[in-house]
Peer 1: 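My questions all concern the structure below.
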Amino acid sequence: MSDRIHTLSGYFYEYQKSVTEPESFWARIADSFHWKKRWDKVLKWDFEGPNVRWFVNGKLNITENIFEKNLFAYGDRTAIIWEPSEPGEDVRKISYKELYHSVCQFSNALKSKGIQKGDRVIIYMPMIPEAAIAMLACARIGAIHSVVFAGFSANALTDRIIDSGAKAILTSDGNYRGNKKIGIKAIVDEALEKSAVETVIVCQRTGQDVTMKAGRDYWWHEVIVGEKDSNVAEEMDSEDPLFILYTSGSTGKPKGVVHSTAGYMVYTKYTFENVFQYSPGDVYWCTADIGWITGHSYIVYGPLLAGATTLMFEGVPTYPDPGRFWAVIEKHKVNQFYTAPTAIRALQAYGTDPIAPYNLDSLKVLGSVGEPINEEAWRWYYNHIGQSRCPIVDTWWQTETGGILVSPIAGITPTKPAFATLPLPGIQLAIVDPEGNELTGNSVEGNLCVKYPWPSMIRTLWGDHARCKETYFSTYKGMYFTGDGVKRDHDGYYRILGRVDDVINVSGHRMGTAEVENAINEHPLVIESAVVGYPHEVKGQGIYAYVICDMAHRTEENLINEIKETVSKIIGPIAKPDKIQIVSGLPKTRSGKIMRRILRKVAEGSTDNMGDTSTLLDPDVVTKIIEGRK
Ligand code: PRX
């Protein structure tokens, strides 16, 4: 724990060191890990390629750093507490030693099925411990996992199977949503009608009927029979990919963000321990799903590398009632609680009655992630959940950054509502104007970039390095561009303002507007569509779609429902537009570009001043759209 920051001056000291001597700074942190072979050079990089390599030629396995390195010291400590969706069902507590054996045994089973180092394995599973075991088992043998959120549709799954060239899928029979059982394997079957993998392994969760295809599909509980519960971890190079995680961008096709092994390991552990000020024995709970980067870095890898007890929750915040989060905190005496603003706002709507029955005295730190947290939600969280005594860490980061880049250190960095505050050690930020000039000094606003590499940064997009360069390293020369707008206030504190590209953030989930448009356009009667985000009380942003269609013999209501269903089928229910307006035309410039600025204003309901519309091909369209909204 020597890398722990304990004071504000300690933070400034470490930050300074990380900027003036980045290589010795990260070498010191990396030295506390177990390496099969130490690195030759800490960092080689250029953002032109981009080509970024951390801990060059180091050899290691991330799971040895979770298990072998520590089992002697704390093998009996609880690694995972699993809280099922149904409050009456038994909790599972899995010690580090038990987790080690399960991971080894399952990784041996994967090997027996012919899965090897470098193979891609898709994990499409609910929030059960086996999902974490699946990830770690892949890492153990050097297979590259790609977790796909189990709320994505068969179609979205097919795209990811094909893009990653996956050899296997690890899944479950079904999952629970409140008191409903939802088929998961059935979705995999549907996805495999248009794609192929050699092996499917199915973990039994709900016990519902599934179809098993002979020679391809196997039960998890059967494949592990006879497999040894120990093995030697595969030797991985520092830069070997650990996982691919698909995320949305400003084009229609999701991007496979690739993270490599050593840098990701070093950075997630370091940031987990520091940001949350985790102490051994604490119970830490992050409510994310493992299908998102937060689940990867701060449910599984970061906490387990730090020897933490990490709670995994299968359910939803409102089942069986809106007091569930608070009941779980009391039940497991949770010390650090990390959730999303959208969940806070949704629960805030129920008032404080659902909190009253529970004792939340165990809480020490609260966290927020995924989208800007508005001041009102921040204060509610602080006063009612943190009882005005727990610091809130508003953590800003992205799928591409692998770990938290801007955040308070809990209890150490003075906080301000809605501010992610200061960059963590190693993170050199730049705010730039549209021309790419860096805006120095305080009280400035612009686009957020990072001008120096950090260990857990994106290395490439799977199968498309050119797109990686184009998306992140070409907008501003020599810098990684985040896609977010930001303000640095008079104290030098950072406040994230939200996306400046065609990405919208719905309940903390990233959606590309083009991706939603593509899905809408799949409806046979749709001619053209344009999607924008608009402020939504609970979700942060909602999806507003303007659609031109052939009405055929439909009523507007029927058509709107059909379009929503189409999007649900193509991407998943999370991408369903909140509002659909059928329009006769879209505001386009003479060159055919849709003026989204205007559509955003209409969606927000601020239609008084539409700005300059003189470049529009047909300015009347705007009047019609405004009228149609009414
Ligand atoms: O716009 C920022 C927002 O979420 C985006 C990244 O989304 P994703 O890759 O799905 O990762 C989410 C979890 C790390 C960012 O570009 N975002 C994330 N955290 C914050 C945030 N916006 C404001 N404040 C945050 N704390």
Side-chain angles (χ1 to χ4, degrees), residues 147-149 151-152 243-250 254-259 264 267-268 271-272 275-276 286-299 301-302 338-345 366-375 377-378 381 392-408 413 415-424 427 429 447-450 456-458 461 471-472 475 480-487 493-513 515 533 539-541 574-575:
V147 183
V148 177
F149 173 57
F152 276 120
F243 64 86
I244 306 169
L245 185 58
Y246 285 87
T247 188
S248 295
S250 43
K255 312 174 276 198
V257 172
V258 177
H259 282 290
Y264 179 83
Y267 195 77
T268 52
T271 51
F272 170 75
V275 168
F276 297 100
C286 165
T287 67
D289 190 281
I290 49 140
W292 313 116
I293 191 69
T294 310
H296 285 59
S297 304
Y298 299 110
I299 293 179
Y301 287 110
Y338 190 28
T339 195
T342 187
I344 299 166
R345 287 190 299 263
L366 301 176
S368 170
V369 61
E371 53 178 313
I373 177 166
N374 48 307
E375 263 192 71
W378 195 99
Y381 196 29
I392 295 181
V393 290
D394 177 0
T395 64
W396 174 84
W397 57 298
Q398 313 176 295
T399 304
E400 295 86 345
T401 69
I404 300 167
L405 299 199
V406 185
S407 169
T413 315
T415 57
K416 272 189 212 184
F419 280 77
T421 74
L422 298 171
L424 294 180
I427 305 307
L429 303 175
N447 290 342
L448 181 60
C449 294
V450 191
S456 67
M457 69 183 292
I458 178 175
L461 289 175
T471 312
Y472 306 106
T475 318
Y480 166 82
F481 175 43
T482 64
D484 277 320
V486 69
K487 166 173 139 176
Y493 267 36
Y494 290 81
R495 177 175 190 155
I496 308 296
L497 303 172
R499 304 290 304 195
V500 295
D501 53 9
D502 289 329
V503 169
I504 44 187
N505 193 324
V506 186
S507 302
H509 301 147
R510 257 164 84 166
M511 285 282 122
T513 52
E515 205 182 336
K539 299 179 174 185
Q541 281 191 297
I574 49 171

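As a basis for the values below, the full set of heavy atoms in this structure was taken, side chains included, without hydrogen atoms, waters or symmetry mates. All ligand and atom numbering here is 1-based and tracks the order in the structure.
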Peer 1: Could you walk me through whether Ile458 and Tyr472 pass the side chain to side chain contact (heavy atoms under 4.5 Å, CB included) check?
Peer 2: CA-CA 10 Å; Ile458 178 175; Tyr472 306 106; 3.7 Å; yes

Peer 1: Applying the side chain to side chain contact (heavy atoms under 4.5 Å, CB included) test to Leu405, which of Leu424, Thr395, Val450, Thr271 qualifies?
Peer 2: Val450

Peer 1: Taking distance alone, with N or O pairs closer than 3.5 Å, would you say Arg510 contacts ligand 1?
Peer 2: yes

Peer 1: For Val275 and Pro408, which heavy atoms make the closest approach, and how far apart are they?
Peer 2: CG1-O, 3.9 Å

Peer 1: Considering only heavy atoms of Val369, which atoms of ligand 1 have at least one such atom less than 4.0 Å away?
Peer 2: 13 (C), 14 (C)

Peer 1: Considering only the protein, which heavy-atom contact is closest to atom 19 (N) of ligand 1, and what is its distance?
Peer 2: Gly370 N, 3.1 Å

Peer 1: Does Lys255 count as lying over the ring of Tyr246, i.e. NZ or CZ under 6.0 Å from the six-ring centre, within 45 degrees of the axis?
Peer 2: no

Peer 1: How does Gln398 reach ligand 1, if at all, at less than 4.0 Å between non-hydrogen atoms: by side chain, backbone, both, or neither?
Peer 2: both

Peer 1: Please confirm whether Gly498 comes under 4.0 Å of ligand 1, counting heavy atoms of the residue only.
Peer 2: no

Peer 1: Evaluate the ring planes of Phe276 and Phe272, with Trp represented by its six-membered ring, and classify them as parallel (under 30°), tilted (30 to 60°) or perpendicular (over 60°).
Peer 2: tilted

Peer 1: Which residue supplies the protein heavy atom nearest to atom 13 (C) of ligand 1, what is that atom called, and how far is it?
Peer 2: Thr294 OG1, 3.4 Å

Peer 1: If you measure every N/O of Asp484 against every N/O of ligand 1, is any gap under 3.5 Å?
Peer 2: yes

Peer 1: I'd like to check which ligand 1 atoms, numbered from 1 as shown, lie under 4.0 Å from a non-hydrogen atom of Asp394.
Peer 2: 24 (N), 25 (C), 26 (N)

Peer 1: Is ligand 1 under 4.0 Å from a heavy atom in the side chain of Thr395, in the backbone, in both, or in neither?
Peer 2: backbone

Peer 1: Are any of the N or O atoms of Glu400 closer than 3.5 Å to those of ligand 1?
Peer 2: no

Peer 1: List ligand 1 atoms under 4.0 Å from Asn505, heavy atoms only on the residue side.
Peer 2: 3 (C), 4 (O)

Peer 1: Checking the N or O distance criterion of under 3.5 Å, is ligand 1 in contact with Thr482?
Peer 2: no

Peer 1: Give a yes or no answer on whether the side chain of Thr268 reaches the backbone of Gly403 with a donor-acceptor pair at less than 3.5 Å.
Peer 2: no

Peer 1: Once you measure the plane-to-plane angle for His509 and Phe149, does it fall in the parallel (<30°), tilted (30-60°) or perpendicular (>60°) bin?
Peer 2: tilted

Peer 1: Taking 4.0 angstrom as the limit and counting only heavy atoms of Ile496, give me the atoms of ligand 1 inside it, by number and element.
Peer 2: 22 (N), 23 (C)

Peer 1: Where is the nearest protein heavy atom to atom 9 (O) of ligand 1: which residue, which atom, and how far?
Peer 2: Thr399 OG1, 2.5 Å

Peer 1: At less than 4.0 angstrom from any non-hydrogen atom of Trp397, what atoms of ligand 1 do you find?
Peer 2: 6 (C), 14 (C), 15 (C), 18 (C), 19 (N)

Peer 1: State plainly whether the residues Arg510 and Glu400 are in salt-bridge range, i.e. N to O under 4.0 Å.
Peer 2: yes

Peer 1: Taking the side chain as every heavy atom from C-beta outward, state whether Ser456 and Thr401 have any atom pair closer than 4.5 Å.
Peer 2: no

Peer 1: Looking at His259 and Thr399, would you say the former's side chain and the latter's main chain have a donor-acceptor pair under 3.5 Å?
Peer 2: yes

Peer 1: Starting from atom 23 (C) of ligand 1, which protein heavy atom do you reach first, and at what distance in Å?
Peer 2: Pro372 N, 3.1 Å

